[in-house]
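First listed ligand is number 1; within each ligand, the first listed atom is number 1. All residue numbers refer to positions in the sequence shown, counting from 1.
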Amino acid sequence: MIKINVQRLMKHIKDLSKFGHDPNGGVTRFPFTAEEREAKRYIVHLMKQIGLEIYEDEIGNLFGKRVGTDSALPSILIGSHLDTVKNGGMFDGALGVLAGIEILQTMMEQGIQTRHSISVAAFTDEEGVRFSTGMLGSRALTGELQEEELFQYKDENGISIADGMVQCGYNPKLVHRARRCSKEFKAFLELHIEQGKVLESEQAPVGIVTGIVGVKWLKVTIRGEEGHAGTTPMAMRKDPVTVAARLIDFVEQKAQQSDGLRATVGSIRVFPGSINVIPREVELFFDIRHLSWELICQMEDDIQMFLSACCNTKGMTFTVEATHELKPVSCSPVLIEAIRTAAKRTGTKFLMLPSGAAHDAMILASLTKIGMVFVRSKDGISHSPLEWSDADDIEAAANILLHALLDIAEAEKI
Ligand code: HGY
Ligand code: MN
Ligand code: MN
């Protein structure tokens with residue numbers, strides 16, 4: 001039975017992690033940066049080594065295509081994202097891109113051709129950490145990304161997505177040309193680390209993803225009145241941070257009571273931010289997730305109601321802005337079956353599970369059938385320098401993807 005070369009794959013993962021190596025730990029590789037450019041240069045080098053047809057689109061997504069024997073057939077797309085969170089790990093995203101290249105290299109070395117062409121994709125800005133809105137690359141592919149977003153969203157230095165693109169030689173006005181049509185693709189398959197503890201708790205090295213939760217990012221801004229921390233009596237204050245603290249506790253309790261709902265405040269900004277000044281404004285970002293979009297929207301309504309009650313009595317104001325919305329999706333039963341068959345053929349223990357993390361696959365679902373294979377995460381840690389997956393688990397998952405692809409792309413021995 002053919003297998004990937006896992007030592008080679010692990011070396012590629014290690015090499016790629018150098019681009020964006022962060023002296024404070026882990027990898028920080030934001031979109032439209034020098035680190036991302038160097039990482040892409042490395043990926044192009046690996047793609048060229050195995051003779052792929054290389055193409056970069058108008059937002060910087062990179063594709064390497066192994067042409068099939070029947071060019072009239074739709075392609076199979078495999079891959080993931082190349083960007084990371086701040087001080088992220090070396091597997092999140094990168095594993096899916098490099099495993100895709102490794103699988104095509106193995107096919108080439110084993111003299112296997114497929115009727116369908118297979119393309120490896122390296123998407124830009126899945127995480128959305130730099131500009132507070134993500135899935136840029138995959139949303140450009142499906143046509144969901146609106147040009148005005150590129151000028152609207154800015155990073156903490158006031159640089160817009162469009163500015164970042166121009167700095168890297170892309171023209172934001174041409175982003176619509178990145179759009180691809182659904183008849184080009186038969187399927188999209190993404191290999192990704194689980195980033196959670198379920199596989200480890202069930203001693204399963206591999207997961208077959210059944211669906212991906214919906215995500216809503218809410219930017220909540222609460223405005224009060226700046227004042228001197230020493231001369232302003234407590235009863236005369238309009239301190240937005242105290243409202244924010246009550247809101248966070250309220251949301252945490254609601255989430256605890258709702259099965260499967262996840263709510264996180266990962267970023268809080270206080271203005272002006274001096275120790276001895278009662279703030280005039282606080283900005284907090286909620287990340288709310290669930291397989292039910294209705295439940296997510298209900299939480300947003302609850303937040304609005306809570307803030308109205310709190311702020312009106314205190315003479316403060318607030319805004320709630322949804323900066324990022326991803327509807328929950330189901331994976332294709334056909335692809336789930338193909339992955340399950342491959343897992344049985346390779347004799348790998350696997351678990352069926354939903355994804356609590358968002359992925360490019362959920363965007364591609366509007367274009368084509370999607371399937372995902374998860375690799376067990378050590379201690380469930382991700383978005384951290386401590387992110388780790390064992391080579392044996394990676395090998396098992398990549399071999400499952402390889403064998404599923406042989407079926408889906410209709411392989412033939414040449
Ligand atoms: O936020 C997520 O779920 C993904 O890691 N971008
Ligand atoms: Mn991530
Ligand atoms: Mn990811």
Calculate the angle formed at the Mn ion (ligand 2) by NE2 in H383 and OD2 in D92; 10° precision is enough.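 Angle NE2(H383)-the Mn ion (ligand 2)-OD2(D92): 90°, rounded to 10°.
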
Do H359 and F374 have their ring centres less than 6.0 Å from each other?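 Yes, they do, as the ring centres are separated by less than 6.0 Å.
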
If the cut-off is 2.8 Å, does any N/O/S atom of H359 fall short of it from the Mn ion (ligand 3)?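 Coordinating: no.
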
Distance check below 2.8 Å: does D360 bring an N, O or S atom to the Mn ion (ligand 3)?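 Coordinating: no.
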
Judged by modelled atom types alone, do [X] and [Y] share a side-chain donor-acceptor pair under 3.5 Å?
X	Y	value
E321	T323	no
D163	S160	yes
H290	D259	no

Would you say that I222 contacts V220 through its side chain, given a criterion of any heavy-atom pair below 4.5 Å between the two side chains?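 A side-chain contact exists here, since the closest heavy-atom pair is under 4.5 Å.
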
Nearest to the Mn ion (ligand 2) - the N/O/S atom of E127, by atom name: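 This turns out to be OE2.
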
Anything under 3.5 Å between an N or O on ligand 1 and a protein N or O? List each pair with its distance, or write none.
| residue | atom | partner | partner atom | Å |
| --- | --- | --- | --- | --- |
| ligand 1 | 1 (O) | R289 | NH2 | 2.8 |
| ligand 1 | 3 (O) | R289 | NH1 | 2.5 |
| ligand 1 | 3 (O) | R289 | NH2 | 3.2 |
| ligand 1 | 3 (O) | A358 | N | 2.7 |
| ligand 1 | 5 (O) | E127 | OE1 | 3.3 |
| ligand 1 | 5 (O) | H383 | NE2 | 3.0 |
| ligand 1 | 6 (N) | E126 | OE1 | 3.1 |
| ligand 1 | 6 (N) | E126 | OE2 | 2.9 |
| ligand 1 | 6 (N) | E127 | OE1 | 2.9 |

So does E126 have any N/O/S atom less than 2.8 Å away from the Mn ion (ligand 2)?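 It does not; every qualifying atom lies at 2.8 Å or beyond.
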
Hey, is the Mn ion (ligand 2) within less than 2.8 Å of some N/O/S atom on H81?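 Within the cut-off used here (under 2.8 Å), H81 places no N, O or S atom near the Mn ion (ligand 2).
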
With sequence neighbours left out, write down each residue that passes ring pair (Phe, Tyr, Trp, His ring centres under 6.0 Å) with F32, or none if nothing qualifies.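 None.
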
Within the distance-only criterion (no hydrogens, no angle test), does the side chain of D155 pair as donor or acceptor with the backbone N or O of G158 below 3.5 angstrom?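 Between the backbone of G158 and the side chain of D155 there is a qualifying donor-acceptor contact (under 3.5 Å).
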
Validate the cation-pi geometry between R130 and Y153: distance from NZ or CZ to the six-membered ring centre under 6.0 Å, angle to the ring axis within 45°.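 No, cation not above the ring by the 6.0 Å, 45° rule.
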
Taking 4.0 angstrom as the limit, do E102 and R8 come out as a salt bridge?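 Judged by the 4.0 Å cut-off on N to carboxylate O distance, E102 and R8 do form a salt bridge.
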
